Visitor: 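Here it is, the structure, as structure tokens.
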Amino acid sequence: MKNIFCLVFVFAFLNSTFAQTELVATLKSASSVTEDGEGGLFFAGERDVNFRFGKRISPHGDCIDVINGYAFVTWYKGGMDKRNLMLSRKNLNVENSPWVTIEFPHQHVGQGGELFNGIGIRGDSHNTAAIAISTIDNTIHIIYDLHAYRRSSLPSVFFNYSVSEKEKAFVPDEDFKLDIFKPKQTELKSGQNYERMTYPMIHRAEDGSLVARYRRGGSGNGDILMAHYNGTSWTNNWLFHEGSLAVPNRNNMYGGERFLHGKFYSGFSIRYSTNNSTSTSNGYMLNSGLYYAYTNGIPKNQSTQWFDVNDNPISLPIKNNIDATKDPVQIGQPGDDFGTATFPRSSSDPAWTVTENGAIHFVQRVDNINVHYYKKATDANFSKNAGGLIPNPDTRGEVYSYKNHVFMVELISGKITIKTTLEGENNWKIIYTGQDVTSFDHFDAFVNEDKLYVYLMEDTGNNTVGVGDKRPLYFQEFSLSETTVQEDRKPIVVIEAEEFTTASTDITIGTNVAASNGKYIDAFRNNQFLEYKFNIAEAGDYDIVLFVAVRNRDDSTMDVAINVQQFNNFPVARTGDWNIYGENRIENVTLNQGENTIRITQKRSLSSEPDKIEVFSNAVLSAASFNKNTINVYPNPSKGVITVNTTAESVNYQLISAQGRLLQQGVVEKNSLDFSNKTKGIYFLRLISANNTTTTKRIILE
């Protein structure tokens with residue numbers, strides 16, 4: 001286990017004309033859940049041979065709970081020959097505390113619990129392990145390894161429930177052992193039917209009681225059941241959503257529920273039984289629609305009163321109808337609004353949240369387009385947008401809220417990315433991009449008050465059965481806060497990338513709503529060039545900022561000529577997505593009064609997409625940006641030890657060779673960097689500020 005450096009990423013609206021608050025996500029600590037040589041289970045190999053459905057099983061589903069300063073995570077032990085259920089706990093109140101882990105005797109059942117063609121158990125990604133802590137009696141509850149199994153086929157593992165003895169959730173680390181748990185059970189309450197259950201979740205109410213939910217039945221034909229735990233016992237199962245209806249209305253819901261701000265909400269899409277590759281009688285492939293309902297207080301039985309988006313009472317169970325005019329809780333239909341195919345396709349659950357002010361936000365994906373539906377509590381109708389920086393719910397991230405900010409966690413090119421917008425708006429901005437050396441494959445997240453917790457599996461890139469089915473697990477803790485952003489300086493010149501004076505003959509202009517003016521240079525290839533002429537009223541030193549998207553290359557470089565000044569092999573920062581145009585700053589460039597020329601030449605094939613160029617005067621300085629008054633690098637030339645003199649906090653660096661290769665990266669500690677082990681020559685030192693902007697210095701090691 002280890003803690004790593006604190007990163008603070010604050011997004012400042014550079015062109016705001018008034019002060020406003022912005023969300024800040026600060027990485028406080030990161031640790032390894034699994035020990036060296038161990039890992040969580042991952043389904044390596046071939047689909048339909050080694051696994052069914054997806055490769056993911058750890059972490060997956062409702063697998064995190066954080067309460068009283070303790071983090072609890074579930075997983076399965078790596079290696080298909082092992083597959084044991086695991087529970088790990090960490091005391092977040094104590095700095096550098098270890099993860100302590102309990103290994104259960106239960107092993108992942110797999111697809112139907114049967115051997116496949118004699119090669120062993122075939123993995124099943126449905127079999128998640130849901131966890132929650134009841135603070136009424138401090139018990140740990142885990143429901144796990146379910147996928148519509150029948151008692152007759154799997155009498156001892158068709159339903160799996162483990163619960164600890166009372167007052168054992170927060171015992172000292174040395175006492176956190178298997179013997180604090182009762183023997184595994186195949187029921188929550190005696191006499192109830194728990195056959196054919198899938199997708200377990202456990203939600204904790206403000207009073208410490210729990211609400212369990214699961215689907216009974218199959219895809220396109222399932223009911224959602226719930227039960228309540230009061231600190232003593234579970235209630236009977238009761239029906240929340242009825243999907244086992246007559247065709248064509250037979251369906252099941254894909255989504256879930258959450259306690260937020262004293263209410264219990266449900267947000268979901270619907271999969272009708274008629275949705276498949278040969279029959280789409282309801283007009284949509286797989287999932288369709290966005291649905292919303294809530295209840296005040298804690299739902300303990302079916303008689304609890306629920307309401308629709310307009311606060312009209314509805315009766316349970318919810319029964320969806322293929323005719324939207326008869327559907328009580330549908331709030332939108334992305335397939336109609338943004339679908340491009342004959343039968344629009346949505347495969348993931350919608351991500352959603354409700355803010356403390358009552359604003360509702362849904363993010364869904366239809367025909368590979370990210371869509372966003374949102375409304376403030378005072379709005380009569382939902383607004384809706386598509387594309388741009390709207391997050392992708394296929395990453396299995398959830399939408400969360402902090403005060404009047406809405407945010408979502410994604411993985412982009414294996415790195416944690418956090419995007420945010422104000423409630424009731426669609427102005428998504430990136431406030432955090434992970435600088436981890438490790439690349440991650442998938443994650444689950446959890447928010448508790450002003451903390452965000454992200455539970456991740458490493459992407460080892462190994463898909464070999466017996467090796468790639470065991471991958472390291474990590475846990476990162478972020479604090480959430482606000483900062484007030486004051487008016488910042490504006491560029492004196494903005495040059496759209498498509499408005500070049502001269503260029504290569506094969507330049508292509510693309511369109512993207514995320515780009516400035518909606519246009520960008522598409523597939524800027526090796527040795528292609530763009531040249532621009534612009535006028536400056538007064539000669540002097542200026543900063544030039546190139547806005548460029550680079551999806552997956554750390555070695556993207558350009559030759560930049562500004563009048564007679566040459567910046568060859570200038571490194572262009574990776575943004576992780578073609579919809580994200582990052583800043584690349586060249587500081588203290590001397591410009592002439594009157595006409596000036598900028599020429600950029602791409603040096604790596606298909607590695608960038610320019611959006612615009614901005615010119616800033618150094619006569620007005622920004623405290624949030626790198627410039628000559630806030631950062632200096634010396635001595636230069638140097639024998640290897642370099643001082644980075646800056647008032648900025650949480651500065652990270654990347655050392656890049658003259659050929660554009662990333663050689664070293666990390667955090668600037670005590671304003672000093674040591675490159676004395678590097679050979680003599682010319683390098684580029686890219687510095688990344690607290691607001692995720694960059695500046696690049698050319699340094700010489702001698």
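Please read these numbers as outputs of a predicted model, since none were measured by experiment.
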Visitor: Drop me the distance from D559's CG to N527's CG, to the nearest 0.5 angstrom.
Guide: 8.5 Å

Visitor: Among L655, V644, V633, V667, whose side chain to side chain contact (heavy atoms under 4.5 Å, CB included) with L673 holds?
Guide: V644

Visitor: Can you classify the ring geometry of F570 versus F684 as parallel (below 30°), tilted (30 to 60°) or perpendicular (above 60°)?
Guide: perpendicular

Visitor: Indicate yes or no: at least one non-hydrogen side-chain atom of V572 is less than 4.5 angstrom from one of L546.
Guide: no

Visitor: Please assess T353 against E398 for the test side chain to side chain contact (heavy atoms under 4.5 Å, CB included), listing each intermediate value before the final yes or no.
Guide: CA-CA 8 Å; T353 195; E398 189 56 88; over 6 Å; no

Visitor: Roughly how far, to the nearest 0.5 Å, is the CG atom of L422 from the OG atom of S401?
Guide: 12.5 Å

Visitor: Do Y455 and W75 have ring centres separated by under 6.0 Å?
Guide: no

Visitor: Between F475 and Y453, what is the ring plane arrangement, given parallel below 30°, perpendicular above 60°, and tilted in between?
Guide: parallel

Visitor: Got a sec, which residues hit side chain to side chain donor-acceptor pair (under 3.5 Å) with W352, two or more places apart in sequence or on another chain?
Guide: none

Visitor: Find the distance between OG (S97) and CZ (R89) and round it off to the nearest 0.5 Å.
Guide: 9.0 Å

Visitor: Please give me the minimum heavy-atom distance between P491 and F616, naming the atom from each residue.
Guide: N-CE2, 3.5 Å

Visitor: Does E46 CD have over 12 foreign heavy atoms under 6.0 Å away?
Guide: no

Visitor: Could you check whether the rings of H372 and H361 sit parallel, tilted or perpendicular, using 30° and 60° as the cut-offs?
Guide: parallel

Visitor: For K55 and G45, which heavy atoms make the closest approach, and how far apart are they?
Guide: NZ-O, 3.4 Å

Visitor: Please tell me whether F440 and Y474 form a close aromatic pair, meaning their ring centres lie under 6.0 Å apart.
Guide: yes

Visitor: Sequence neighbours left out, what pairs pass side-chain hydrogen bond (donor to acceptor under 3.5 Å, both in side chains) with at least one residue falling in residues 439-450?
Guide: R56-D444

Visitor: Using 0.5 Å steps for rounding, measure from the OG1 atom of T557 to the CG atom of N526.
Guide: 8.5 Å

Visitor: What pairs with F51 under ring-ring contact (aromatic ring centres under 6.0 Å, His included), at least two apart in sequence or on another chain?
Guide: none

Visitor: Hey, could you give me the OG/CG distance between S58 and L456, rounded to the nearest 0.5 Å?
Guide: 13.0 Å

Visitor: State which residues pass side chain to side chain donor-acceptor pair (under 3.5 Å) with Y402; sequence neighbours excluded, sorted by chain then number.
Guide: none

Visitor: The criterion is side chain to side chain donor-acceptor pair (under 3.5 Å); which residues satisfy it with R471, sequence neighbours excluded?
Guide: T460

Visitor: Under 6.0 Å from the NZ atom of K678, do we count more than 12 heavy atoms belonging to anything else shown?
Guide: yes

Visitor: Going from CE on M558 to NZ on K603, what distance comes out if it is rounded to the nearest 0.5 angstrom?
Guide: 11.5 Å

Visitor: Any pair with a residue in residues 66-85 that passes salt bridge (Lys or Arg N to Asp or Glu O under 4.0 Å), sequence neighbours left out, goes on the list, sorted by first then second residue, please.
Guide: K77-E103

Visitor: Do you know which two heavy atoms are closest between D577 and A549, and how far apart they sit?
Guide: O-CB, 3.9 Å

Visitor: Work out which heavy atom in I656 is nearest to a heavy atom in P571; give both atom names and the distance.
Guide: CD1-CB, 3.6 Å

Visitor: Counting only heavy atoms not in D36 (residues, nucleotides, ligands), do more than 12 fall under 6.0 Å from its CG?
Guide: no

